[in-house]
Structure formats: structure tokens, C-alpha cells
Amino acid sequence: MNASKAIGTKSRRLLALILAAAVIIALGAIGVTLTAKTAIEVTLTAPNSYTTLEVGAEAKLSIVNLADAYSSDSTIAAVTFTKGSGLRNLVTLGVKAGTMATAYGTSSGKVLTYNYQITDSRNITKYILDNGGEGVIPTVGGKLTVPIHTFVTTGENPVENAAAKSTITWSTFRPNDTVASVNATTGEVTGESKGATIILGQFTDKWGRAQDIHFLVAVGIKINDSRLDELIDLIEEANRILALDPNPYTEESLDALEQAKNDAEAVVGGTEDEIAGAIDELNDAINGLDEANTVPDGLLGPDGDGNYFKPVGEPANVYEVVDGNGDSKQPPEYVYNENGTPQDGGNVPAIPKGGDYYIDLGHNIYQKVENSGTLGEKVGGGPDENPATNPVTPIIEVGGNYYVGPLGPDGEGNYYYYGDKTSGGDNLVNSTADAKHSTDDVYYLVDGQMTTTKPSPTFNTPSGSPTVANTGRFIDKTKISDSSDWLEIATMDGYSLIIRVNPLPAKTSAAQASTDVMNWYKNTFQSTSALRPYISKNDAGWKNGDVNSLTAGRSKPTGVLATITDNDTCFPLSYGEYAQYCSNAAVDSSGKEKASGTDAKANYVRITNEEQLTATYVSNGSGRLISGTVKVVQNTESASVHPAMWILTSAFETLGK
């Protein structure tokens with residue numbers, strides 16, 4: 001996963017990288033020029049803080065439930081493993097210097113990586129070039145050997161090791177150089193013609209990185225009497241700029257710089273006039289660089305930290321964090337941005353699990369990123385802390401904490417929840433809807449707060465009269481195991497009258513309508529619905545509506561918890577209840593239509609807008625609501641009915657939407 005990779009695609013990058021990488025370290029970083037006579041000392045350091053492993057050595061790990069493992073680069077390190085939970089069952093063997101990652105997966109779905117820096121202590125970690133990295137051969141045919149001292153490190157400090165020189169390969173800076181030649185193995189330089197040139201030494205350091213050494217040689221000339229060192233410095237600067245990737249400058253200005261650099265390299269060892277002209281041309285090209293404000297194709301960014309972002313494709317709004325080349329981080333990193341603008345901030349880490357991406361809400365609770373780029377319902381990771389294996393639902397949030405539930409009811413009609421222990425927990429919700437985890441507790445929702453004390457449900461006897469409600473509150477169908485939402489249309493002393501948005505088929509007669517509704521309630525409305533503990537008995541069964549009095553036939557809660565076998569718990573509204581609570585108009589016995597109140601009209605709009613329908617409502621007072629108007633109809637007509645129930649108003653705290 002950490003294998004080296006060629007950078008860039010343009011031809012000018014190749015030579016720039018070869019020359020620039022070590023010269024900048026060896027010369028620029030220590031603040032000397034090519035004309036300096038003091039020794040150049042370069043100490044190389046580890047490129048990262050990964051766990052180190054020497055070539056030929058093994059790293060052994062014990063992984064519980066190990067299922068699979070592999071090496072990101074088997075030429076750098078080999079990985080062998082034994083499935084299961086055996087002692088030290090994952091082994092990484094160093095093969096050659098470099099960086100790599102051991103990736104492994106467990107049978108519970110965890111996938112992790114472990115980064116290693118493989119080292120070879122036989123390789124160079126420090127070198128010293130005498131005489132400021134310069135040498136003079138007085139006459140053509142003369143010889144000198146590059147004056148270098150090499151060091152290796154096996155303990156705390158580098159130790160000089162002459163044998164390490166043999167790992168350096170020497171060559172001239174330019175192929176077929178006419179000024180000097182060099183023995184590739186010994187570094188002995190022979191003057192071929194008058195002028196100056198650069199001798200290049202290349203080696204691999206202790207950590208597997210390629211390093212360059214540059215040694216300036218003059219044949220038959222005096223370096224200090226020439227501007228050659230100034231020209232070489234400018235060539236180095238040009239190579240550094242050309243090697244930038246992504247490069248901040250325009251193609252046109254980079255082309256001009258590359259041409260000036262090539263011209264300068266051609267006159268190294270030439271006349272002083274040629275050198276002076278090349279210096280002027282390079283200075284002009286460097287000073288004439290124009291910045292390009294472009295972002296590589298397919299990438300977004302950069303952000304304030306210099307990161308770029310690459311869309312993963314599907315799902316939308318998930319991006320991989322990459323460098324300016326589009327190359328991945330190690331280990332890979334992903335973010336979710338709901339606006340599709342990750343470069344502008346507001347990013348949330350996205351975790352790949354089982355082929356999908358999840359947002360980690362903390363406490364082992366997640367949200368899946370849907371293909372549309374929106375977030376799905378909250379789910380728990382369960383005992384294996386992996387939402388992709390067996391996502392736990394339902395999940396609710398109360399007071400900044402997450403809980404599994406509502407669950408139940410229990411034998412006393414209470415609904416309960418599983419959540420992390422208030423003390424001695426592990427800060428995770430590990431339970432499922434089927435089983436409480438040992439690190440979690442059972443909770444109950446009382447007055448909007450979670451408590452581990454089991455509540456004692458109380459249904460107080462209400463007083464007063466019902467009044468129309470204009471809150472627009474709905475009971476959420478997804479929370480009560482129904483296929484329809486329920487709308488609040490009236491209230492009375494801590495109780496709410498709700499009607500089901502989606503109607504049921506029923507007969508117009510009051511008796512038959514009531515029977516149809518109660519049969520549905522007993523046989524279809526789930527006994528495990530979370531609404532059950534909040535449903536009150538009522539007096540609707542013996543309240544008859546009257547077209548001559550819109551206040552007649554209004555039901556009331558009795559303040560007693562209803563059971564699934566109680567008759568008239570669920571009922572059709574009366575003529576007057578429709579007129580008062582949910583209609584646009586009502587027709588009296590004389591056929592005169594009268595507009596309903598503002599709140600009743602608002603409730604009618606809410607229920608029709610909720611499902612985009614205009615339905616027929618049966619009334620238990622020999623009337624019905626057609627397109628918003630309550631009318632008297634014949635008992636033989638068929639229609640549809642919207643069931644109604646009285647419930648505790650507190651139900652909206654946990655079951656509302």
C-alpha cells in the first residue's frame with residue numbers, strides 16, 4: 001500500500017526528478033554553494049514513524065478470529081497466516097527496504113491495516129563529500145576519485161563503513177559526456193576535455209528510498225574563476241520547479257523554463273559568455289513563471305489543508321481524500337459531504353463497510369450513505385460493532401445519547417430501550433433488538449427523559465370537554481408498526497383524539513362502521529405496536545351524533561388503559577366530531593351548508609395533503625364527510641372510514657414526527 005509510484009506524465013518530469021531529489025537535500029538544505037570548500041555532510045532520516053522491521057526479520061501478531069491477510073507489496077515484505085485465534089498467527093517477513101502494509105480481516109467483519117517500514121542496515125544512512133562536493137582535474141587525461149565517506153546505522157549513531165561505497169552507482173550527468181568519464185563501480189573520474197561537468201552517484205538508503213549524490217568536476221579550468229556554480233544553482237532551481245506535481249504554473253511558462261534549462265545544460269563547461277547568456281535566460285524564465293489556477297481533472301479542491309477529493313462514484317456525496325495527483329492516502333481516507341462540496345469544509349468521516357459507506361455517529365451508531373447521497377436511518381453496529389453485518393434497528397436519540405428501541409411491550413405494557421450503562425459501560429450501544437448486551441442497561445422513556453427505573457403508567461381521569469386541536473402533530477407510522485400516519489384533531493386534559501390518515505372500507509351505518517373498525521383494530525393493528533401503552537378507553541360506543549346539533553355525539557376518553565379486546569377502543573367519528581374537528585363545511589337537516597371553523601379546516605387540509613387524497617369518511621352519527629363537507633346519507637350506501645382513538649398526549653414525545 002505504500003509502494004513508490006512514478007509522479008506525473010509529462011516528459012520534463014523525468015529528468016527533473018532524477019536531478020532535483022538529492023541535490024536539494026545535499027546542497028540547498030544545508031545552506032552551502034558549489035564553490036564552498038567545507039565538506040558536505042548529509043544525514044538521512046526515516047521517512048515515517050511506522051513500525052520498523054529489518055530485512056530477514058519477522059513480526060508476529062496474534063489476531064482473534066483471523067480470516068484473511070495479505071501484503072500490499074510482497075517484494076518488500078511477505079505475509080503468512082493461520083486462520084483462527086492461534087498464538088501469533090499473523091507473520092510479516094522483511095524482504096527488502098521500503099514501506100508496506102499488512103492488511104487483515106476477521107470473521108466478525110473487521111478489516112484493518114498495519115504499516116511497516118522495512119529497513120536494510122547494510123545500506124547508507126549518511127555520507128560526507130570532501131571539498132564542498134567539488135573536484136579539479138588539472139589536465140586532460142588526469143584522474144580523481146569522488147572523495148566520499150559512507151556510513152551505516154545499526155544502533156543509535158551512524159558508523160563509517162567503506163564497504164557501503166560499493167552500493168553507489170556512478171555516471172556522468174549527461175549521457176556521452178565529453179568533459180569527463182567515470183567508473184560506475186569505483187567512482188574514479190577521468191578528464192576527457194577541458195570544461196566542467198557533474199558526476200552523479202545513485203544508491204538506495206536504509207529505508208528503501210532512491211538517493212542521488214552530485215559532484216562537480218572541472219577539467220583544465222578554475223571553478224572559482226567562473227560563473228559555473230551560479231549556472232548550476234539555477235539549473236537545480238529550474239529542476240525543482242519542473243518537478244512540482246501538481247505544478248502551480250501554466251504550461252506555456254513551464255515550457256519556456258524547460259527550454260532555458262536545456263540550453264543551460266548544453267553550455268555547462270562552455271565559454272564564460274555562453275554561461276552568462278544561459279544564466280540570463282534561466283533568470284528570465286524563472287521570473288516569468290505564471291501561476292495556473294487549475295485543479296486536475298476529476299478532482300475537487302484543494303481545501304485549506306491542501307487536500308484534494310475524488311468522488312467514489314456511488315454513493316453520491318462520498319469522496320476519497322487524495323493528493324494533487326489523485327493518489328490515495330495510506331491507509332485510504334473517505335469523507336461524506338451532504339452539499340457535494342468537500343473542498344469547502346463540513347466533511348464527516350465516511351467508513352467503508354461491506355461494500356457500503358457509513359457515517360459514524362459515535363457510540364457504535366451509524367447511518368448508511370444511500371446511493372442518492374442522502375443518509376439512511378440510524379442503525380447500531382451490534383456486538384461486532386459492524387453495521388454492515390446485522391444492522392440494529394430501531395434507534396432513537398434522547399438527550400444526546402442513543403438507544404435501541406422502542407421495544408416491547410413487556411408484561412406490564414411498558415415499552416423499553418437498550419442503551420449504554422450510565423456507569424461502568426464502554427461508551428457503546430452493543431445490544432440488538434433481540435438481546436441486551438452485558439455492557440448495556442434497560443431504559444424507559446418518562447417525560448422525555450431516559451431512566452433505568454421502570455415507570456408505573458398512570459391514566460388520570462380527564463375533566464372538562466374536548467376542544468379542536470390545531471397543532472398539526474402526527475403519530476409516525478414507522479414507529480407504531482402501521483402503514484399510515486395518524487393526525488391529532490382534538491385534545492382533552494392530557495389526552496389527544498387522533499384519526500388514521502389512510503381510510504378503511506366500511507358500511508355507512510353507524511353500527512356496521514363501528515364493527516368494521518374494531519375488527520380491523522383487533523385483527524390487523526399489531527398487538528406489539530408502540531402506540532398500545534398510550535391508548536385510552538372512551539365512551540364513543542354510546543355517543544350518537546345528531547345532524548341538528550353539531551355538539552352532540554362528541555366522544556371523551558375515560559382515562560383507563562385500553563386492551564386489545566376492549567370494544568369501541570377504535571371507532572368512527574360522529575357527525576359532530578367531523579364538523580367540529582376535521583372538515584371544511586357541514587350540512588344541517590334542512591340542507592343548508594355552513595362553513596366549518598378555521599381549526600377544523602386546517603386539520604382537513606393536513607389529512608388530505610398528507611396522502612394526497614380526497615376520501616369519504618363514515619360517521620357514526622348517520623352522516624359522512626365527502627370532499628370536506630359533512631352530509632347526511634342513507635344507511636345503505638357504502639363508503640370508507642378513518643378510524644379514531646383517544647391516546648395520551650405524551651405519546652407524541654417518542655412516536656410523533
Taking everything shown except N470 itself, do over 12 heavy atoms lie less than 6.0 Å from its CG? yes
When rounded to the nearest 0.5 Å, the distance separating OG of S529 from CG of L655 is 7.5 Å
So which atom in S496 and which in R473 form the shortest heavy-atom distance, rounded to 0.1 Å? OG-NH2, 4.4 Å
Return the minimal non-hydrogen interatomic distance between P643 and W486, and the atom names on each side. O-CZ3, 3.4 Å
As an exercise, state the distance from CD of Q343 to CG of L299, rounded to the nearest 0.5 Å. 11.0 Å
Are a donor atom and an acceptor atom from the side chains of T432 and D434 found within less than 3.5 Å of each other? no
Only one of N364, D441, D440 passes side chain to side chain donor-acceptor pair (under 3.5 Å) with S431; say which it is. D440
Checking side-chain contact (heavy atoms from CB on, under 4.5 Å) for the pair M492/S465: CA distance, chi angles, key distance, verdict? CA-CA 6 Å; M492 178 183 175; S465 299; 5.7 Å; no
Please check if atom NZ in K421 has more than 12 non-hydrogen atoms from other residues, nucleotides or ligands closer than 6.0 Å. yes
Run the side chain to side chain donor-acceptor pair (under 3.5 Å) check on T389 and D384 step by step: do they pass? CA-CA 8 Å; T389 52; D384 65 356; 2.7 Å; yes
Do any N or O atoms from the side chain of E653 and from the backbone of G448 form a donor-acceptor pair under 3.5 angstrom? yes
Whether the side chain of T649 engages the backbone of G494 through a donor-acceptor N/O pair (distance < 3.5 Å, no angle test) should be reported. yes
Excluding sequence neighbours, so at least two apart, what forms side chain to side chain contact (heavy atoms under 4.5 Å, CB included) with D426? D420, L428, N430, T439
Can you label the angle between the Y319 ring and the F309 ring as parallel, tilted or perpendicular, going by 30° and 60°? perpendicular
Before you tell me yes or no, could you show the steps for I475 and F652 under side-chain contact (heavy atoms from CB on, under 4.5 Å), namely the whole-Å CA-CA distance, both residues' side-chain angles and the distance that decides it to 0.1 Å? CA-CA 6 Å; I475 293 294; F652 288 97; 3.7 Å; yes
What are the two closest non-hydrogen atoms of A433 and V392, and how far apart are they? N-CG1, 3.9 Å
Taking every heavy atom of A388 against every heavy atom of Y358, the minimum-distance pair comes out as CA-OH, 3.6 Å
Are the side chains of L66 and V64 in touch, meaning some heavy atoms are under 4.5 Å apart? no
Electrostatic pair D356:K368 at N-O distance under 4.0 angstrom: yes
Heavy-atom side-chain contact between M450 and I396 under 4.5 Å: yes
Go through the steps for T341 and N339 under the test side chain to side chain donor-acceptor pair (under 3.5 Å), then give the verdict. CA-CA 5 Å; T341 55; N339 300 317; 4.7 Å; no
With heavy-atom distances below 4.5 Å as the criterion, would you say the side chains of F571 and M645 are in contact? no
Pairwise distance CD(E488) to CZ(F474) - rounded to 0.5 angstrom: 10.5 Å
Check whether NZ of the Lys or CZ of the Arg R554 lies under 6.0 Å from the centre of the six-membered ring of Y578 and within 45 degrees of that ring's axis. no
Which label fits H363 and Y402: parallel for a plane angle under 30°, tilted from 30 to 60°, or perpendicular past 60°? tilted
Contact between P302 and Y308 at the side-chain level, heavy atoms closer than 4.5 Å - yes or no? yes
Test item: side-chain donor near acceptor, T393 and E377, under 3.5 Å: no
State, with a plain yes or no, whether a side-chain heavy atom of Y366 is found less than 4.5 Å away from one of I359. no
Angle between ring planes, Y521 versus F525, binned at 30° and 60°: parallel, tilted or perpendicular? parallel
Atom pair NE2/OG of H642 and S484 - distance to nearest 0.5 Å: 8.0 Å
Verify the distance criterion only: is there a donor paired with an acceptor across the side chains of N337 and N347 at less than 3.5 Å? yes
Separation between CD1 (I395) and NZ (K378), nearest 0.5 Å, reads 9.5 Å
Under the criterion side chain to side chain donor-acceptor pair (under 3.5 Å), I'd like the reasoning laid out for S555 against E577: C-alpha separation, chi angles, the key distance, then a yes or no. CA-CA 8 Å; S555 63; E577 285 173 322; 2.7 Å; yes
Check: N115 and P331 side chains under 4.5 Å, non-hydrogen atoms: yes
Between D599 (side chain) and A469 (backbone), is there a donor-acceptor pair under 3.5 Å? no
Take K657 and D485 through the side-chain contact (heavy atoms from CB on, under 4.5 Å) test and state the conclusion after the steps. CA-CA 9 Å; K657 59 181 291 187; D485 295 332; 2.8 Å; yes
Applying ring-ring contact (aromatic ring centres under 6.0 Å, His included) to Y334 and Y357, what does each step give before you reach the verdict? CA-CA 9 Å; Y334 302 90; Y357 292 86; 5.4 Å; yes
Is a side-chain N or O of T558 found less than 3.5 angstrom from the main chain of K537, in a donor-acceptor match? yes
When every non-hydrogen atom of G559 is compared with those of Y495, the smallest separation belongs to CA-OH, 3.2 Å
When you check the gap from the basic side-chain N to the acidic O, do R500 and D482 get nearer than 4.0 Å? yes
Minimum heavy-atom distance G656-K479, with the two atoms named: O-NZ, 3.1 Å
N307 side chain vs D303 backbone, donor-acceptor pair below 3.5 Å: no
Any donor and acceptor pair, going by atom type alone, linking the side chain of Y336 with main-chain N or O of G373 inside 3.5 Å? yes
Are any non-hydrogen side-chain atoms of P332 and E320 less than 4.5 angstrom apart? yes
State the CG-SG distance between D516 and C570, to the nearest 0.5 angstrom. 11.5 Å
Run I63 and N89 through side-chain contact (heavy atoms from CB on, under 4.5 Å) and show every step you take. CA-CA 7 Å; I63 308 298; N89 54 346; 4.1 Å; yes
Quick one: are V335 and V348 in side-chain contact, heavy atoms under 4.5 Å? no
